[in-house]
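Here's the structure we're looking at; comments come further down.
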Amino acid sequence: MRKSVLIKDTTPEERMQIVAKGLNWCDDSSCESCAGCSLGAPRIEAMYAPYIDGKLELAEINLLHAATKYTHG
């Protein structure tokens, strides 16, 4: 069974690991020089900082980002 990634079920350190693991798909395990890829974030950790800080869930961040970056048509 997978462990929950909700803020209430994780520590800030665990949330940092969750974000790092989730971003590891780009084949750069460090993301040190990441410019946000195509996500439009100045630095990728800036986009997910509210999750790491316990202010917004991952789903909320992704929905907010999608609502401001993508258009239909």
Side-chain angles (χ1 to χ4, degrees):
M1 182 183 243
R2 271 184 14 187
K3 186 177 189 277
S4 171
V5 296
L6 295 176
I7 291 168
K8 68 180 181 81
D9 298 329
T10 56
T11 66
E13 292 78 19
E14 289 172 320
R15 291 192 291 272
M16 286 175 43
Q17 290 176 347
I18 291 164
V19 169
K21 184 177 180 182
L23 295 173
N24 197 25
W25 58 269
C26 68
D27 293 331
D28 181 1
S29 61
S30 68
C31 278
E32 289 291 322
S33 60
C34 186
C37 303
S38 62
L39 297 174
R43 290 205 35 97
I44 201 65
E45 42 304 333
M47 181 174 162
Y48 289 103
Y51 171 67
I52 295 168
D53 295 338
K55 297 176 183 174
L56 289 173
E57 296 290 353
L58 283 174
E60 293 173 309
I61 293 170
N62 291 332
L63 284 171
L64 287 169
H65 180 74
T68 60
K69 298 295 179 193
Y70 301 105
T71 58
H72 291 284

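FYI, the numbering just counts along the sequence from 1. Worth knowing before you read on, the calculation uses all heavy atoms, side chains too, and leaves out hydrogens, waters and symmetry mates.
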Are L64 and M47 joined in one hydrophobic group, where the rule is that I, L, V, M, F, W and Y side chains link up if heavy atoms are under 4.5 Å apart? yes
Approximate separation, where rounding is to 0.5 Å, of L58 CG and I52 CD1: 9.0 Å
So do the side chains of Y51 and T10 get within less than 4.5 Å of each other, counting heavy atoms only? yes
Is L63 reachable from I7 through a run of hydrophobic residues whose side-chain heavy atoms are each under 4.5 Å from the next? no
Set of salt bridge (Lys or Arg N to Asp or Glu O under 4.0 Å) partners for K3, sequence neighbours left out: E14
Applying side chain to side chain donor-acceptor pair (under 3.5 Å), name anything that partners D53, two or more places apart in sequence or on another chain. none
Inter-residue atom distance Q17.CD - R15.CZ, 0.5 Å rounding: 11.5 Å
Residues forming a side-chain contact (heavy atoms from CB on, under 4.5 Å) with E60, sequence neighbours excluded: L56, E57
